2 protein chains.
Amino acid sequence: MTTLRDLSRHLGLSVTQVSRALNGHGDVSEATRQRVEEAAKKLKYIPNIAARRLVSGRSGVVGFVERSFEGVARDTILFETVTGLSSQFSERGIQFVLHLTPEDVSADSRSILPVYDRLSLGGSLDGFVLTGPRRNDLRIRHLLNNKIPFVVHGRSSENPDYPFFDIDNYGLAQRLTRHLIGYGHRRIALISGPETFAYTQFRLAGFKDALGEAGIAPVPFLIRHAAMTEATGMIATAQMFADPKRAPTAIICGNVLIANGAYRALAALGREVPADVSVVAHDDVVSPARTDSFYPTLTVTRSALSASWGPLADFLIGAIEGRAAGEIQEVAQVDFIERASVAAPRPE
Amino acid sequence: MTTLRDLSRHLGLSVTQVSRALNGHGDVSEATRQRVEEAAKKLKYIPNIAARRLVSGRSGVVGFVERSFEGVARDTILFETVTGLSSQFSERGIQFVLHLTPEDVSADSRSILPVYDRLSLGGSLDGFVLTGPRRNDLRIRHLLNNKIPFVVHGRSSENPDYPFFDIDNYGLAQRLTRHLIGYGHRRIALISGPETFAYTQFRLAGFKDALGEAGIAPVPFLIRHAAMTEATGMIATAQMFADPKRAPTAIICGNVLIANGAYRALAALGREVPADVSVVAHDDVVSPARTDSFYPTLTVTRSALSASWGPLADFLIGAIEGRAAGEIQEVAQVDFIERASVAAPRPE
DNA sequence: GCGATAACCCGAAACGTTTCGGAAGCCTCA
DNA sequence: TGAGGCTTCCGAAACGTTTCGGGTTATCGC
């Protein structure tokens, strides 16, 4: 193993200068920088992270805390998150660890807070990635209070004062709703995720505002919140069509799984898409439910979940380095892809 | 943040003694040890890992290298592995990182070797966990040659000279085969995993040896190797029953997914389990395919995959600490659970 | 009462890096 | 000519831990 010391002796320079040269500091002439870099390459110098961390006071490791539960290993979204963040952070020279807290921790979400303290105070973790924020998320408040760096995938309020990466959930719901209204629909259903998540609230607001623009009052019966699964899509659709008089002429689905369920329910109910019922969805391009296997093809807003890991990594690193929250926030716009699942409603 | 220095001042002791007391070394009286420990607790002393690592020369991080591929996020076994190892290592004060190499690395498995070098030479990783060993696994030879600590889940040969944790694949195949022979079966099929994996070879050997004991010659037509999926079970079963004269009276399935496929194929073919065909399997108790949802209930050998993460963690830590390979190896026995899927074959 | 032994303790060095404060050499401008 | 400012460099300290070599007592056997 070659050290800075070895390099400095080999070059007839001080350790200081070698360090500064390698780290691109100002105080070193272009000529020596070249020399140093060549020597470093030739002697296969690899900086010792432990030493670097000892002086910087940082560990070079960031984490993601998740409560372990029966079946955690089947959570595709979680795994997508882990693999995505793993790759992005390691490209940036930082290690990413998944920390599973034992499941015997009480279900009270407050009980997860000390885990963050323990991991960060020991100096073993420099920061955290949070996902699935609630409207008033305890974790966020706790981390802010304790000045522990973090970044959120999503956000808990409109204009938060912490780093985050989110998609425009309000906008996509508004867009899908307007699209349907443009075709003449007025009885529009929304099947979305659990109410506790903040993004669900944003989507609901976008939906309602778009309805409002057209002078349509939202109908509670046509608004459903549940887990984002195919079963949810089937059940919600089936229930809304139990009484034909109350049934919607169009359905907005929170994701592709729900849309899949809706399609299957509609097929079973003998309703045709889009002749009888129009269907749209938001597609986050995540594994098992492929939007291109739909018949008829599905009109969607789209934004790949996988596009968020890079910005999240950048922002967390920024947060650790002390950048202002305002500089490390992004609301990504979504694509709108018009396909064959929307038509004008049947005349009454 | 409290340091050893703070503690030593607070106690009127030297830093040396405090360190030795906390680490349980010999040279310190019981009384002071008590005092030190209390003070440490009171002042919330947490050792600085970076400093510890700087002097020990180790990073305290171990890794798992996997080639990233389209759909890596859907690989349940991989995720089970990651979550299991994550938990076990973090309980032991060690961090576990999943390192996904970019998928543009050529498919040649040799190309993954430099990744290990890079990660370990830089001092960022102390050791590795390997899974799915082949018969002559390049990675194993490479790590041995370069004296990089590792542990293998499985093994590439009967009595290897490196740390590993494996189940008795030879024994379980032998056991299942003998069980069927005991009921009078002679035309026994084996549907197992891809040939390249070492464990497949062990199972094949156990199967053949058990047949040999009974004077039965193995029939190549009844031995199938393919991915361990439900589809494999269906297809292999369907093909073996294409010509009734060549069909088996019993099937040994490599895992529960295959057994599930076999059950479905047999149902479609109008064969009853166990009256027409007996079925047994090995159950590694992994998520989606639950053995208890079988009808009739399935006779299996069983060993939970989840039981391997603990020993693997222990063994890798042992390897890093320089323990001899012989002390950190284990072949776990499997359970045999007799249920309702086996009966005597129909008389010809 | 003396040397040996054991039990307990300490100072200082080491790990490899970053950074602070200063210093030498050179140039510029008055 | 000399004050001031760049540019380029260096020594030394610091980060917090472990460990090596040695030191001080007290005890014990003779």
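Since we're looking at a predicted model, the values are computed, not measured. A, B, ... follow the sequence lines: proteins, then strands. Residue 1 opens every chain.
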Self-check item: Whole-Å distance separating the CZ atom of A/R35 from the P atom of D/dT8
Solution: 14 Å
Quiz item: Are B/R9 and B/V15 side-chain neighbours, meaning at least one heavy-atom pair lies under 4.5 Å?
Solution: no
Protein and nucleotides 16-19 of chain C: nitrogen or oxygen contacts under 3.5 angstrom:
from: C/dT17; atom 1: OP1; to: A/Y45; atom 2: OH; distance (Å): 2.6
from: C/dT17; atom 1: OP1; to: A/N48; atom 2: N; distance (Å): 3.3
from: C/dT17; atom 1: OP2; to: A/L4; atom 2: N; distance (Å): 2.5
from: C/dT17; atom 1: O5'; to: A/Y45; atom 2: OH; distance (Å): 3.4
from: C/dT18; atom 1: OP1; to: A/N23; atom 2: ND2; distance (Å): 3.0
from: C/dT18; atom 1: OP1; to: A/R52; atom 2: NE; distance (Å): 3.1
from: C/dT18; atom 1: OP1; to: A/R52; atom 2: NH2; distance (Å): 3.4
from: C/dT18; atom 1: OP2; to: A/S19; atom 2: OG; distance (Å): 2.6
from: C/dT18; atom 1: OP2; to: A/N23; atom 2: ND2; distance (Å): 3.3
from: C/dT19; atom 1: O4; to: A/T16; atom 2: OG1; distance (Å): 3.2

Quiz item: Once the angle between the rings of B/F165 and B/F315 is folded into 0 to 90°, is it parallel (under 30°), tilted (30 to 60°) or perpendicular (over 60°)?
Solution: tilted
Quiz item: Is any side-chain N or O of B/Q17 closer than 4.0 Å to OP1 or OP2 of C/dC9?
Solution: yes
Quiz item: Taking only N and O in the side chain of B/T32, is any of them less than 4.0 Å away from OP1 or OP2 of C/dC8?
Solution: no
Exercise. Taking the side chain as every heavy atom from C-beta outward, state whether B/T2 and B/L7 have any pair of such atoms under 4.5 Å apart.
Key: no
Self-check item: Separation of atom CG in B/D27 from atom C1' in D/dT24, rounded to whole Å
Solution: 13 Å
Quiz item: Checking side chain to side chain contact (heavy atoms under 4.5 Å, CB included) against B/I94, which of B/V61, B/V62, B/D126, B/L316 comes through?
Solution: B/V62
Practice problem: Evaluate the ring planes of A/F89 and A/F96, with Trp represented by its six-membered ring, and classify them as parallel (under 30°), tilted (30 to 60°) or perpendicular (over 60°). | Solution: parallel
Exercise. Answer whether the closest heavy-atom distance between the side chains of A/F64 and A/F128 falls below 4.5 Å.
Key: no
Exercise. Round to a whole Å and report the spacing from CG of B/L11 to C1' of C/dC10.
Key: 15 Å
